[in-house]
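A short write-up of the structure that comes next.
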Amino acid sequence: MYRTNTCGELRISDAGKVVTLAGWVQRVRKMGGMTFVDLRDRYGITQVVFNNEVDADLCEASNHLGREYVVQVKGSVAERSSKNAALPTGDIEIIAQQLSVLNASEVPPFTIEDDTDGGDELRMRYRYLDLRRNAVRKNLELRHRMTMEVRRYLDSKGFLEIETPMLVGSTPEGARDFVVPSRMNPGQFYALPQSPQTLKQLLMVSGMDRYFQIVKCFRDEDLRADRQPEFTQIDCEMSFVEQDDIINLFEGMAKHLFKEIRGIDLDQPFLRMSWADAMKYYGSDKPDLRFGMKFVELMDIMKGHGFGVFDNAAYIGGICAKGAASYTRKQLDSLTEYVKRPQIGAKGMVYARIEPDGNVKSSVDKFYSQDVLQQLKAAFDAQPGDLILILSGDDAMKTRKQLCELRLEMGNQLGLRDKNKFACLWVVDFPMFEWSDEEQRLMAMHHPFTHPKDEDIPLLDSDPAAVRADAYDMVINGVEVGGGSIRIHDSALQAKMFEILGFTPEKAQEQFGFLMNAFKFGAPPHGGLAYGLDRWVSLFAGLDSIRDCIAFPKNNSGRDVMLDAPAPLDQKQLDELQLAVDLKDK
Ligand code: ASP
């Protein structure tokens, strides 16, 4: 038997027992005639003591242990004289009687402790060592518990877990595909699924009624903190449902997760906000509602007073930061620099402080009388000590997005984005389409299988841009943690959708014929949603990036630096695939 107990298990009540532990040497400390070894495994750390006076040979042997050696130690559990309250095992130590080195270790490239000296690149290259660290391992444990709870909840609601293939056909709508060449079909390629969207819809046509899958999805997109080229969705689909049925069931799942994983009771229904309101009041389809600072439009008040920037703007909007009138000139200048950064792109920022006497002091005082500034103050219901920040521009949507960035930054600066506070909402009534400048055509905002709102169907021909969809996103703390829609189940409507999206009937048939044909054989009304598992875990773990809740993530250039992938193929493999590599940019 390698061990009788784990390194996280023994307590004062075990004192006197003879035990065998196995694990990794985290630290060795020599003090007088004693050697102290911190022995670590997944479950914790236990202190082992080698005493020169008890067994000089054994103590000598322990002096040769290095960091990350794998050892087995037999000894008796004893109460410690100096206890360590920070460790669950901190009341005891093991007085060693036997030691065997199961495997030696080279000196690890970084310290494997909570505060490591390893940089990002190094930790990723040696990810298997990084994962020995408590801080990273506990995220994987959390992830495991969450998937167990998801399965438990969905099973209790009658969902079947069904696997769908990873080698599918390429669909050009949406993001770019990762493709896989087929040896048996030379010159032809599979694609890895961006999501099992059409397959889960086919499962509804099959009568499976309620499906889920915790599934890898692949999208060849530029990476950000909350994006990876492969990520995991909790993918779900249901038949004979309306939007409210889905929202209620999956809100139930969110509450179940909050309760079971974080011990938080969310007893109120989640707020619902239309996409149009989210954009108007927060400049984002995923507003962070942990704090206020709702936008106020100021065109009526601020135009027509001779301040050219505002007079010529199509949109003027502001936020009111409570208690921030104490911001110094320097702080305000750096906020202005912040919104002028190319990623945000504002031209400038106007501010107005509410003074202790109620007067308003602004950066554009020479254009505005105190009368007008008082109207400004009233529009925000601002109080002495508050700070109003205003942006303007000639494109309302762009300016709102800039104001959104400013609002989030102010939220950060004022400490209003507490990671232990959760603001959950549904954003509903998304537009069906959005215009793509790049493609010069309408694109589906969610995906082409989304059902338009019944009352907007007549607009499909006359004013497609005004059509709203039965689509919904769940947003928590400004993160889109899930989204879905009611689907089209009528082949004629589906064909029409492809037509609006610029597909010829032949192209639509070629790419999505399997789906439209299936709809001719009794497709039930259906809808669904997918939750982003990585985002949920990082939200619950309080992480800024999804990377640390993924065992082996990719870096920002989509590389796995540990496996050194992607990499060129051997000539032999290329020959088997009948492929030749001829890079355009050499
Ligand atoms: N397949 C969609 C997505 O990946 C989610 C859904 O509509 O169910 O975003």
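As the structure lists them, so they are numbered: ligands from 1, and atoms in each ligand from 1.
Under the 4.5 Å side-chain criterion, counting only non-hydrogen atoms from C-beta, Lys280 is in contact with Glu297.
Checked for salt-bridge contact, Arg125 and Glu121 meet the test: a charged N lies under 4.0 Å from a carboxylate O.
A ring pair (Phe, Tyr, Trp, His ring centres under 6.0 Å) check over residues 443-466, counting only residues at least two apart or in different chains, returns the pairs His447-Phe449, Phe449-Phe512.
Residues Asp235 and Tyr211 have side chains that bring a donor and an acceptor to within less than 3.5 angstrom of each other.
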Acceptor/donor pairs from residues 254-263 side chains to any protein atom, 3.5 angstrom cut, sequence neighbours excluded:
unit_1: Lys255; atom_1: NZ; unit_2: Glu251; atom_2: OE2; d: 3.3
unit_1: Lys255; atom_1: NZ; unit_2: Gln268; atom_2: O; d: 3.1
unit_1: His256; atom_1: NE2; unit_2: Glu149; atom_2: OE1; d: 2.7
unit_1: Arg262; atom_1: NH1; unit_2: Phe540; atom_2: O; d: 3.0
unit_1: Arg262; atom_1: NH2; unit_2: Asn420; atom_2: OD1; d: 3.0

Just the distances, no angles: every ligand 1 N or O to protein N or O pair closer than 3.5 Å, one line each.
unit_1: ligand 1; atom_1: 1 (N); unit_2: Ser195; atom_2: OG; d: 3.1
unit_1: ligand 1; atom_1: 1 (N); unit_2: Gln197; atom_2: OE1; d: 2.7
unit_1: ligand 1; atom_1: 4 (O); unit_2: Arg219; atom_2: NH2; d: 2.9
unit_1: ligand 1; atom_1: 4 (O); unit_2: Gln233; atom_2: NE2; d: 3.0
unit_1: ligand 1; atom_1: 7 (O); unit_2: Gln197; atom_2: OE1; d: 3.4
unit_1: ligand 1; atom_1: 7 (O); unit_2: His446; atom_2: NE2; d: 2.9
unit_1: ligand 1; atom_1: 7 (O); unit_2: His447; atom_2: NE2; d: 3.0
unit_1: ligand 1; atom_1: 7 (O); unit_2: Arg487; atom_2: NH1; d: 2.7
unit_1: ligand 1; atom_1: 7 (O); unit_2: Arg487; atom_2: NH2; d: 3.3
unit_1: ligand 1; atom_1: 8 (O); unit_2: Lys200; atom_2: NZ; d: 2.7
unit_1: ligand 1; atom_1: 8 (O); unit_2: Arg487; atom_2: NH2; d: 2.7

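Take Asp548 and apply the salt bridge (Lys or Arg N to Asp or Glu O under 4.0 Å) test, not counting sequence neighbours, and it matches Arg127.
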